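All values reported here derive from a predicted model rather than from experimental measurement. Just so it is clear, the values below take in all heavy atoms, side chains as well, and ignore hydrogens, waters and symmetry mates. Chain A is the first sequence line, chain B the second, and so forth, proteins listed ahead of strands; every chain is numbered from 1.
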Protein chains: 2
Amino acid sequence: MTETPGSNAQRERRRRILDATIALANEGGFDAVQMREVADNADVALGTLYRYFPSKVHLLVTALGRQFERAEAQAQGRPVPGDTPHERVMHVLGVTTKAMQKQPQLTEALTRAFMFADASVSEEIHYVGMKLTAIITHAIEGTDQTREPTEEDTAIVRVIGDVWLSALMGWVTGRTTADEVERSMDVAVRLLLR
Amino acid sequence: MTETPGSNAQRERRRRILDATIALANEGGFDAVQMREVADNADVALGTLYRYFPSKVHLLVTALGRQFERAEAQAQGRPVPGDTPHERVMHVLGVTTKAMQKQPQLTEALTRAFMFADASVSEEIHYVGMKLTAIITHAIEGTDQTREPTEEDTAIVRVIGDVWLSALMGWVTGRTTADEVERSMDVAVRLLLR
DNA sequence: TCCGAATCTAGAACGTGTTTCAATAATAGG
DNA sequence: CCTATTATTGAAACACGTTCTAGATTCGGA
């Protein structure tokens with residue numbers, strides 16, 4: 001799927017770096033992901049870290065992309081429970097929200113990096129966006145994978161993704177609770193999938 | 001409206017600081033708003049700047065709030081053109097998008113600060129959110145200000161605001177063009193206001 | 001007008017993201 | 001196996017947000 005270029009040793013280094021990143025983020029959030037610390041924990045020189053990832057934000061957004069990849073791989077084939085698009089989308093969002101609640105620091109780190117990213121990270125951002133829409137589309141379609149998503153479906157998926165990001169931001173910045181996230185998602189999805 | 005406390009000299013300092021912030025942001029975006037530079041240009045000591053605004057993000061989000069205040073004051077009383085809620089909302093969003101296109105650096109600076117804000121900025125963030133929903137609500141209502149907004153209206157306004165923020169982020173990070181922002185807003189508003 | 005408290009100033013200092021560089025190690029091509 | 005190229009290392013240096021300190025200055029109340 002995602003062919004990572006380079007020698008074996010290089011793939012290993014890259015993996016160690018991303019692992020260290022996730023571990024640090026999980027413990028202390030965005031601020032705890034310090035480049036010197038990541039390099040140390042990944043057994044790599046600081047310069048090497050910067051050769052692999054040109055900035056902290058690149059690093060974190062790439063890590064987010066890897067998380068989405070794994071989530072997608074896990075959901076692969078398994079049908080989403082629920083009889084209506086609304087139910088299925090809410091199920092996926094609910095599961096995701098619950099997972100994020102269990103690792104609030106990690107969520108904070110990855111979300112803030114995503115939000116803070118500037119134009120130089122657009123490629124990585126775009127990748128994450130694709131994964132997100134793929135997951136929501138999959139939920140809307142349900143088992144009925146035969147039907148090609150209409151243009152309207154695509155638009156709806158994008159809007160749901162947007163609302164979810166905003167809600168996530170509210171939660172990460174402590175303005176809303178996880179319950180409120182779920183409630184506001186429910187309202188938005190109801191408005192859109194009617 | 002917004003009673004700024006303190007002596008005259010203090011209000012003046014605060015104004016100079018925010019003016020310098022906007023000016024720097026307008027020239028060079030988020031990175032060009034450097035605290036030492038802001039302090040210099042506003043003729044205050046660095047320590048004073050930090051007494052007024054405890055962080056760069058507080059500073060920028062407060063500046064964003066002031067911009068919204070002014071936008072709201074200008075729109076005050078003037079009815080929004082358009083015969084339907086959809087038309088009126090799109091008109092407001094279109095005008096805003098155009099204004100932002102004229103000052104892309106300023107938009108980048110304020111948007112990124114808003115996105116990056118953490119829990120300590122929730123008050124300022126909340127203020128900006130209120131202004132935004134007020135503007136959208138005003139557009140939906142149009143001249144017919146008699147009708148109390150329903151609960152559904154409120155929910156719709158919030159979703160529109162969320163989508164707009166996401167679209168804005170896409171534009172700021174160079175993933176989408178201003179045209180695409182407007183187009184995706186049109187789709188979202190159509191989906192919601194039907 | 002005078003005093004004490006609050007505010008402001010100038011500047012040094014610190015932490016962390018980022019850059020740079022010389023030396024060493026690994027790797028690929030002949 | 002040798003060599004040229006490239007990658008990695010370790011460490012210093014730089015940039016900018018933030019904090020701290022010591023001494024003016026300003027301000028409000030007696």
May I ask you to verify if any side-chain N or O of A/Y52 is less than 4.0 angstrom from the OP1 or OP2 atom of D/dT8?
-> yes
Look at the side chain of B/R51 against the base of C/dT9 and say whether a donor-acceptor pair falls under 3.5 Å; ignore hydrogens and angles.
-> no
Interatomic distance where CG belongs to A/L46 and P belongs to C/dT16 [whole Å] | 13 Å
Pick base, sugar-phosphate or nothing for A/V57, based on heavy-atom distances below 4.0 Å to the nucleic acid.
-> nothing
Just call it for B/D43: base, sugar-phosphate, or nothing, with non-hydrogen atoms closer than 4.0 Å on any strand.
-> sugar-phosphate
Given A/F116, which of B/M169, B/R112, B/M115 fulfils the side-chain contact (heavy atoms from CB on, under 4.5 Å) condition?
-> B/R112
Which part of the nucleic acid does A/V33 contact within heavy-atom distance under 4.0 Å: base, sugar-phosphate only, or nothing?
-> sugar-phosphate
Can you tell me the distance, in whole Å, between the CG atom of B/L24 and the C1' atom of D/dC16?
-> 14 Å
N-O pairing of B/R183 and B/D179 below 4.0 Å = no
Would you please confirm or rule out a distance under 4.0 Å between OP1 or OP2 of D/dT8 and any side-chain N or O of A/R13?
-> yes
Can you tell me how far P of C/dT27 sits from CD of A/Q10, to the nearest Å?
-> 8 Å
A/K56 NZ - D/dA15 C1' separation (whole Å) | 16 Å
